[in-house]
Amino acid sequence: MTPNEIRNWQPRRFSEVIGTANRPAVERLQRAARNRDVLTPLLVGPFGTAKTSLARLVLQSYCCERPDPITADPCGSCGGCLGCCPEKNGSGAPLQHWVFDCGEGVGKDEVVGFVRAYQFHDKNAVLFDEIGELPAPAQKALRRYLSPLRGGLFVATLTLDGTADRLVKSVIDRLDPVALFKPTADELVAFLETLAGEAGVQMEQGAVHDLVTRLSGSFRQCLQELADSARRTDRTLRWPAVGAFTPDPESDPEELPGDDVPMPPSPFTSDGW
Ligand SMILES: Nc1ncnc2c1ncn2[C@@H]1O[C@H](COP(=O)(O)OP(=O)(O)OP(=O)(O)O)[C@@H](O)[C@H]1O
Ligand SMILES: [Mg+2]
Ligand SMILES: [Zn+2]
């Protein structure tokens, strides 16, 4: 694996979403995807908890021409899988796919246009990433799409930070909240050790544990450090793994994950199905 492949690592299979606390949510989505049930999940959780990765996986599974019949994993290489991006919105068969990156600025007119064209259309697979970033009038327009929905997929993600309050209640009421949690420190250590092994990165004794602790269990930053180690000529993760750490306010103001109870994703229930 190249350093960039390590840094950009993402789950490509449902089983690759780490964390025992996430198993019930993942299995529920997997089951629905396998049956192509009508599905309207809202993936909620703190920063960097695989909301977007899992939402993409579900979307691809619905759009894939040859998903695994048992696991519902998308093949990752057919037209349906590769078409799941904003540039190819509206293409695909039997389901048309739509990706809206609301964090990148999706306006009311775009959403109203989509709703006008596709209200009462049950053959869409739609992803609204960071739906809380949508302006309120756009969210209200979406209610008219969601109310009569009888088929296909509408998956959205919401980070439990300031934007969570911006999601209008009538939209929340039409979605099924699915909580995602940070993996425990031990789960993250085990994952990183495996990935380092596959990537040919050597590890000094205790370095991975040190990394997870110092980075407060931030999945993204751990991948970044591992990628940096792979860039060095000795491809070794040293102890201590990172120096004084300054949190990046943009992406990951996360807390130390314990092996105890995961963070509750208030105001949503953990199994709100
Ligand atoms: N439980 C997990 N299992 C596997 N990978 C994870 C998990 N949590 C985070 N990651 C990894 O962390 C990175 C960030 O994930 P992703 O962007 O999907 O999270 P997010 O919840 O959408 O983040 P944000 O809150 O910033 O939108 C990805 O590389 C992803 O693979
Ligand atoms: Mg995201
Ligand atoms: Zn495919």
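Just follow the structure's listing: the first ligand is 1, and inside any ligand the first atom is 1.
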Quiz item: Which bit of L223 gets closer than 4.0 Å to ligand 1, counting heavy atoms only: side chain, backbone, both or neither?
Solution: side chain
Quiz item: Does at least one non-hydrogen atom of P11 fall below 4.0 angstrom from an atom of ligand 1?
Solution: yes
Exercise. Check each of Q10, Q221, R220, E187 against atom 13 (C) of ligand 1 and report the one with the nearest heavy atom.
Key: R220
Quiz prompt | Ligand-residue contact atoms, ligand 1 with F47, heavy atoms, under 4.0 Å | solution = 25 (O)
Practice problem: Check whether any side-chain heavy atom of L134 lies under 4.5 Å from a side-chain heavy atom of V106, and answer yes or no. | Solution: yes
Quiz item: Counting both backbone and side chain atoms, is some N or O of R7 under 3.5 Å from an N or O of ligand 1?
Solution: no
Quiz prompt | Residue portion contacting ligand 1 (non-hydrogen atoms closer than 4.0 Å) for I18 | solution = both
Exercise. Assess C63: does it contribute an N, O or S atom lying under 2.8 Å from the Zn ion (ligand 3)?
Key: no
Quiz item: Would you say the side chain of K51 lies within less than 4.5 Å of the side chain of E130, judging by non-hydrogen atoms?
Solution: yes
Self-check item: Backbone or side-chain N/O/S of T159 under 2.8 Å of the Mg ion (ligand 2)
Solution: no
Quiz item: Near E130, which atoms of ligand 1 are under 4.0 Å from a heavy atom of that residue?
Solution: 27 (O)
Quiz item: Checking side chain to side chain contact (heavy atoms under 4.5 Å, CB included) against L175, which of L158, L146, V44, L43 comes through?
Solution: L146
Practice problem: Please determine if R232 and D228 form a salt bridge, counting it only when a charged side-chain N lies under 4.0 Å from a carboxylate O. | Solution: no
Exercise. Answer with side chain, backbone, both or neither: which part of N22 has a heavy atom less than 4.0 angstrom from an atom of ligand 1?
Key: side chain
Quiz item: What atoms in ligand 1 come closer than 4.0 Å to a heavy atom of W9?
Solution: 4 (C), 5 (N), 28 (C), 29 (O), 31 (O)
Practice problem: Using a 4.5 Å cut-off on heavy atoms from C-beta on, say whether the side chain of L59 contacts that of L153. | Solution: yes
Quiz item: Would the number of heavy atoms belonging to other residues, nucleotides or ligands and lying under 6.0 Å from CZ of R13 be above 12?
Solution: no
Quiz prompt | Close side-chain approach of W98 to N124, heavy-atom, < 4.5 Å | solution = yes
Quiz item: Hey, what's the angle at the Zn ion (ligand 3) spanning SG (C75) and SG (C64), nearest 10 degrees?
Solution: 100°
Quiz prompt | Passing candidate, side chain to side chain contact (heavy atoms under 4.5 Å, CB included) with I131, options V155, I172, L42 | solution = L42
Quiz item: Does the side chain of R23 pick up a donor-acceptor pair with the side chain of T20 at under 3.5 Å?
Solution: no
Quiz item: Does V17 have a heavy atom less than 4.0 Å from any atom of ligand 1?
Solution: yes
Quiz item: Given side chains that start at C-beta, do those of W9 and L226 come closer than 4.5 Å, heavy atoms only?
Solution: no
Quiz item: Does even one non-hydrogen atom of R56 get within less than 4.0 Å of ligand 1?
Solution: no
Self-check item: ligand 1 N/O within reach of K51 N/O, cut-off under 3.5 Å
Solution: yes
Quiz item: Does ligand 1 have any atom sitting under 4.0 Å from a heavy atom of G48?
Solution: yes
Quiz item: Rounded to 10°, how many degrees is the angle SG/C81-the Zn ion (ligand 3)-SG/C78?
Solution: 110°
Quiz item: Would you say the side chain of R150 lies within less than 4.5 Å of the side chain of V38, judging by non-hydrogen atoms?
Solution: no
Quiz item: For the hydrophobic clusters of this structure (ILVMFWY residues joined by side-chain heavy atoms under 4.5 Å, transitively), does one cluster hold both V112 and Y118?
Solution: no
Practice problem: Using a 4.0 Å heavy-atom threshold (strictly under), name the region of F191 that reaches ligand 1: side chain, backbone, both or neither. | Solution: neither
Quiz item: Short N/O distance, under 3.5 Å, between A50 and ligand 1?
Solution: yes
Exercise. Tell me, please: is E16 in heavy-atom contact with ligand 1, that is, under 4.0 Å?
Key: yes
Quiz item: Which of parallel (below 30°), tilted (30 to 60°) and perpendicular (above 60°) describes F114 and F100?
Solution: perpendicular
Self-check item: Element-labelled atoms of ligand 1 that are located less than 4.0 Å from some non-hydrogen atom of T49
Solution: 8 (N), 19 (O), 20 (P), 21 (O)
